[in-house]
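Reviewing the structure listed below.
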Amino acid sequence: QVDVVESGGGLVQPGGSLRLSCATSGGTVTSRLMAWFRQAPGREREFLACIRRDRATSYADSVKGRFTISRDNAKNTMYLQMDTLQPEDTAVYYCAADRGTSIWSARYEASTYAYWGQGTQVTVSS
């Protein structure tokens, strides 16, 4: 069992930045595909970004160029640097990890990830 805990959410003004962290315990991130999703009220959970064990990354078009995903294997932690935030980025942000056996082509699907955090709220408002 892998526990996943997000932190770093909060209230930020439009154009501002936040960095989310995702700490794992009970297993390492080294061999896992890790991802960030978000869910706004009344909307489906949305893929944002993922990072593979070799640090290859993939982003949704909606955040490409504004968000940056990274990982620190020594700390079993993943990050999401979010810049130029806009009100439409307001959502609960979730960290997820797979079992270590996923295929890269399935990276966008929530069902690929077995372990999820409880979410952290990000609100972008003036």
Phe67 and Trp36 aromatic centres sub-6.0 Å | no
Mark yes or no for whether Thr123, through its side chain, and Thr90, through its backbone, hold a donor-acceptor pair below 3.5 Å.
-> no
Which distance, rounded to the nearest 0.5 Å, do you find between the CD of Gln13 and the CG of Leu11?
-> 8.0 Å
Find out whether Val12 and Ser17 are in side-chain contact, i.e. whether some heavy atom of one side chain is under 4.5 Å from a heavy atom of the other.
-> no
Taking all atoms of both residues into account, what is the closest heavy-atom pair of Leu20 and Met82, and its distance?
-> CG-CE, 3.7 Å
Crowding at CZ, Arg43 (>12 non-hydrogen neighbours, <6.0 Å) = no
Heavy-atom pair of closest approach, residues Ala49 and Leu80 | CB-CD1, 4.5 Å
Which residues satisfy the side-chain hydrogen bond (donor to acceptor under 3.5 Å, both in side chains) test with Tyr115, sequence neighbours excluded?
-> Arg99
Contacts satisfying salt bridge (Lys or Arg N to Asp or Glu O under 4.0 Å) that involve residues 85-95 (not counting sequence neighbours) are Arg38-Asp89, Arg66-Asp89
Evaluation steps, side-chain contact (heavy atoms from CB on, under 4.5 Å), between Leu33 and Tyr113 | CA-CA 8 Å; Leu33 178 64; Tyr113 304 91; 3.5 Å; yes
Please round to the nearest 0.5 Å and tell me the distance separating atom OH of Tyr79 and atom SG of Cys95.
-> 11.5 Å
Search all heavy atoms of Gly117 against all heavy atoms of Tyr94 and return the closest pair with its distance.
-> O-CD2, 3.6 Å
Tyr59 side chain vs Ile69 backbone, donor-acceptor pair below 3.5 Å | yes
Using salt bridge (Lys or Arg N to Asp or Glu O under 4.0 Å) as the criterion, list what pairs up with Arg107, not counting sequence neighbours.
-> none
Cluster question for you: counting only ILVMFWY and a side-chain heavy-atom cut-off of under 4.5 Å, with indirect links fine, are Trp104 and Tyr108 together?
-> yes
Verify, without hydrogens or angle tests, whether Glu6 (side chain) and Gln118 (backbone) share a donor-acceptor contact under 3.5 angstrom.
-> yes
Hey, what do you get for SG (Cys50) to CD (Glu109), rounding to the nearest 0.5 Å?
-> 11.5 Å
Is the backbone N or O of Ala106 less than 3.5 Å from a side-chain atom of Thr112, with the two atoms forming a donor-acceptor pair by type?
-> yes
Thr24 side chain to Asn76 main-chain N or O, any donor-acceptor pair under 3.5 Å?
-> yes
Atom of Phe47, atom of Ser58 and distance for their closest heavy-atom approach = CZ-O, 3.8 Å
What's the shortest heavy-atom distance between Ala91 and Ala40, and which atoms?
-> CB-N, 3.8 Å
Heavy-atom pair of closest approach, residues Gln86 and Gly15 | NE2-N, 4.1 Å
